Peer 1: 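Let me give you the structure first, and then I'll get to my questions.
Values reported hereafter were calculated over all heavy atoms of this structure, with side chains retained and with hydrogens, waters and symmetry mates removed. Everything numeric in this text was worked out from a predicted model, so none of it was measured.
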There are 2 protein chains.
Amino acid sequence: MDRHTGIFLLRTLLVKLAGSVGAVAGGLAVGKEGPFVHAGACIGALLSQGGPPGIAPAWFRQFWNDRDRSDLVACGSAAGVAAAFRSPVGGVLFALEETTTWWRNQLLWYAFFTTAVVSVAVRVFMKTCAADTACGFFGSGGLIVYEMNEERQGFETHELLPVLLLGVIGGLVGSAFNHANQALAEWRKANLYKHGARGRVAEALAIAVVTSAVAFALPLVAQCQPCPVGGAEECPRPDTMSTGNFVPFMCEQGGQYNDMATLFFNTQDDAIRNLFSSKTKAEYSVNTLVVFTATFFTLALVTYGVAIPTGLFVPGILLGASYGRLVGVFVADMHPRQTIDEGTYALLGAASFLGGSMRLTVCTCVMLLELTNNLSMLPLVMLVLLVAKAVGDGTGVKPIYESLMDFKQLPYLEPNSDGLMRHITAAEACGRPAVCFQRVERVALVVETLRATRHSAFPVVTGGPEGERVIMGIVLRRHLMVLLASGRAFQPSPFVSEAASRVAFSFTQAEFSSPICEPPHPVSALRLSEEQLSMHMDLGPYVNPRCCLILRHQ
Amino acid sequence: MDRHTGIFLLRTLLVKLAGSVGAVAGGLAVGKEGPFVHAGACIGALLSQGGPPGIAPAWFRQFWNDRDRSDLVACGSAAGVAAAFRSPVGGVLFALEETTTWWRNQLLWYAFFTTAVVSVAVRVFMKTCAADTACGFFGSGGLIVYEMNEERQGFETHELLPVLLLGVIGGLVGSAFNHANQALAEWRKANLYKHGARGRVAEALAIAVVTSAVAFALPLVAQCQPCPVGGAEECPRPDTMSTGNFVPFMCEQGGQYNDMATLFFNTQDDAIRNLFSSKTKAEYSVNTLVVFTATFFTLALVTYGVAIPTGLFVPGILLGASYGRLVGVFVADMHPRQTIDEGTYALLGAASFLGGSMRLTVCTCVMLLELTNNLSMLPLVMLVLLVAKAVGDGTGVKPIYESLMDFKQLPYLEPNSDGLMRHITAAEACGRPAVCFQRVERVALVVETLRATRHSAFPVVTGGPEGERVIMGIVLRRHLMVLLASGRAFQPSPFVSEAASRVAFSFTQAEFSSPICEPPHPVSALRLSEEQLSMHMDLGPYVNPRCCLILRHQ
């Protein structure tokens, strides 16, 4: 976990939440779940230090270690998913599949505990909100966000073919999305962001304007459709309703609705619900679905990665649902006696896009189940996810989160080392000689080295019995900063002495731990006298000798 | 994974399946899912060696390594759960929570793939079975085993109190079950099994007789109840139906049914379905539920651990459902305007027993969801599981699978070492001096040592530069057996030579790999001449120098 980028600061959390409210409410092609996950992780990190810097009680310092921190961050991201989708088990699995390299059963239980509390709390809040109407959209749609509890038929064996095809399409579309998004991010970095923040703000504004323009222009040019006869839902939708199918827009005659408006003039959640609805086969014309898919793909593509808080799950579900429904309509035309209806094809389309772009399997599967509350389609959802992930992996394009981490150069511990690395020696991996310290080093030199480099750790070398240089281990930058700030380890003599290890024992563990949500102290903040700078430090007691333990997998 | 107990042999698989059919069909208080999981694991292990011993193609030897084997066994057990409960995601999570110490995302994806295939296959078989009626009970109840898709109300906040209470009860009952079962297993081992197989067979027969007697006697003495007026289901059940509520048994008047018979004269699956059913509040009298809970607890307790293939999930669900419904009836009496109905209390009772006895959280939660297809109760199920697990852990009684593994002394890699072990030195852990080999050892001595001990591995010591003894590493018994059987590593001289390492390179990896489903060759099968026995072996090239790598958790 990188503590230098400030991704867990309190102000990051606040800006992220405010930005997300603006972006989602403004109708951009972004989801709220990405910021939720980040907010949950931030809250976990803040909790691990007992609140914002300064007000943490002293006994909280026992949580100031990397393990408890990463546990709390993982639980926080699970809570974020659980809150965004009301999907507690999906949240646990998201934390498992996406946020951690290693996993242990204890952490599974912590994450489960967290999401259970989230789940009960959301339920109680919804109960409270049902009593008065001040909560806006919160709680609309019930505990299940995209309820699909109508009786749906099973499937015939021959229908597996279009389902498999949908998986292939999802793998290809998802990979194309990832690839194009990656290319766009590189173009942006090279051309747009070289002028600093102005480029970012201008881009975000431009995208907001374009999105709004498109969302109004397309329904304007779309043709009104006559309402179906004898449908279950009221058509056109009365003005008093703010959700639902069959939105009338610019339809002068009664008994007509605008299918493009039904997709654009709703929240994304409602649009998804409309696409998932069954027994509404003729609601969306093929033209509308094609245009919407292409437009929304482009909008989501350019929006994801802009300097606003974005999430990809909800746009991905909407995009997948629209081309899934398109496939469903084609299948229905070719083979009228289908048992899988077009709403289910929309669900499978959503699964295929998520599988092809994010390559999460179990987590996506459980999340879609919890979002729709319909288990009878589970075999098909699993099949689509499998095919989409396999096809996506086969294209060689990386999962979107992984390519973003590469792009942002965030350090992430891979579970397995790259196969090629087995043949590389340390000498080959080093571009230039490593910056080392002697065991006993002048304080001035240590300060100068910390100032001149940005390395997080430094090897410490010492003389072997026959005069050769031996690596003792590595010493961390942040430990050196603690030593320099305290000054207790300074010694006048340039030689190893017993006194140094006695000094080392006088440090407590708490002195070396630091809150993750605070930026590290800069070297320039050190105030050392000329006399101190001319002294020496014995780094021996602070060296980690097990600097690099390469594990072969069990 | 222990390869000496024969738990993955083909004959183990066949006997297990046959025994399970007998035990479940005979009406014992056992479930089919335990044998299913074992069968899945066996099939995984058999597949890893390309089928039963002897017919494996040579290229299968690449799977003959511990990692692929344990992956396949984990996927097999996931498939077992997926097939037994038609619960694919629950199967993945079972493999994750119960069968592996470490987990990586690759394995998640393998297990997901496996259960997706299981899920589609089960679906297709059920489709085929629906066409003709030769499949018996297979497929009855649909894809969802205990369908609960009636509209169930949410819950009021004050109703959390009885739900929490149910969690506490589950933790206590589950722990009591584990403790008593453990004590019984020890008693059995000490008293019943000292006469060999006869004791085991007699015990199994006795339990079968007692179970049958109880299952007939209790309904005989139970009083018939008058049918409720205006219920949704037909009462009494017509003779043509073999499943469902309101079984008439020894009820002479029409319009009556025997509630005890409704629980005992059904398969366990149907009894559970009856207990889960809603709007049947008065169906079971309090007396019947109390007697059934006590009786079934005792039956399940004495049956689990007998020498027949048993599973604990289904009996646990039935037991929990019966006391859960009891709690539901009490709550209804005290507080008539409840929104959680008695069928839901039965579901929560099942969760509480599984949580208290097995202490699996995420897996049980998803399994119960997939078994009942009702997500609206998810927050309550999670809450009950949390409380039951916490209370169970608080009692200090171990989870049932863990205590069974301890009892059977199966080796299982704990993720974290016991806290006490940090203060123990190797010398203190050794009861007596370790059996060691010199680097170059006489063949006769190696054979004699293998015959005289049952150790799986031996330290190899050699002389250090100053004459002290240095541990080189450890050599495995099964590698020594390969070396002795081939005879290629024998050398006349008792000294270290270059030739030994050339010989070592002549071995391929395949020679050291062996099928897991075959018992190891005994030492007595070695045929060595007098001349060979008087030769020497240089063990140096076969030593694993990283014999003991103690990991501190990341």
Peer 1: So, for A:W109 and B:A390, which heavy atoms are closest and what is the spacing to 0.1 Å?
Peer 2: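 What the structure gives for the nearest pair is CH2-N, 4.3 Å.
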Peer 1: Just to verify, which of A:V124, A:T115, A:V117, A:V120 counts as forming a side-chain contact (heavy atoms from CB on, under 4.5 Å) with B:P379?
Peer 2: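 Answer to the side-chain contact (heavy atoms from CB on, under 4.5 Å) test with B:P379 among A:V124, A:T115, A:V117, A:V120: A:V120.
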Peer 1: Is the shortest side-chain heavy-atom distance between A:E370 and B:L378 below 4.5 Å?
Peer 2: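 A side-chain contact exists here, since the closest heavy-atom pair is under 4.5 Å.
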Peer 1: Is A:L360 in contact with chain B via its backbone, its side chain, both, or neither, using a 4.5 Å heavy-atom distance?
Peer 2: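 The answer is neither part of A:L360.
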Peer 1: Side chains of A:L93 and B:L93, heavy atoms from C-beta outward: is any pair under 4.5 Å?
Peer 2: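 Side-chain contact under 4.5 Å: yes.
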Peer 1: Return the CG to CG distance between B:L369 and A:L369, rounded to the nearest 0.5 Å.
Peer 2: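 Between atom CG of B:L369 and atom CG of A:L369 there are 8.5 Å.
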Peer 1: To the closest 0.5 Å, what do you measure between CZ (B:R123) and CG (A:L160)?
Peer 2: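 Answer for the CZ-CG pair, B:R123 versus A:L160, is 9.5 Å.
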Peer 1: Is it the backbone or the side chain of A:L380 that comes under 4.5 Å from a heavy atom of chain B, or both, or neither?
Peer 2: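 Contact with chain B is absent: no heavy atom of A:L380 under 4.5 Å.
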Peer 1: I need the residue from A:V362, A:V89, A:L385 with the largest number of non-hydrogen atom pairs under 4.5 Å to chain B.
Peer 2: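 Of the options given, most contacts go to A:V362.
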Peer 1: For the NZ atom of B:K389 and the CZ atom of A:F113, what is their distance to the nearest 0.5 Å?
Peer 2: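 Answer rounded to 0.5 Å: 12.0 Å.
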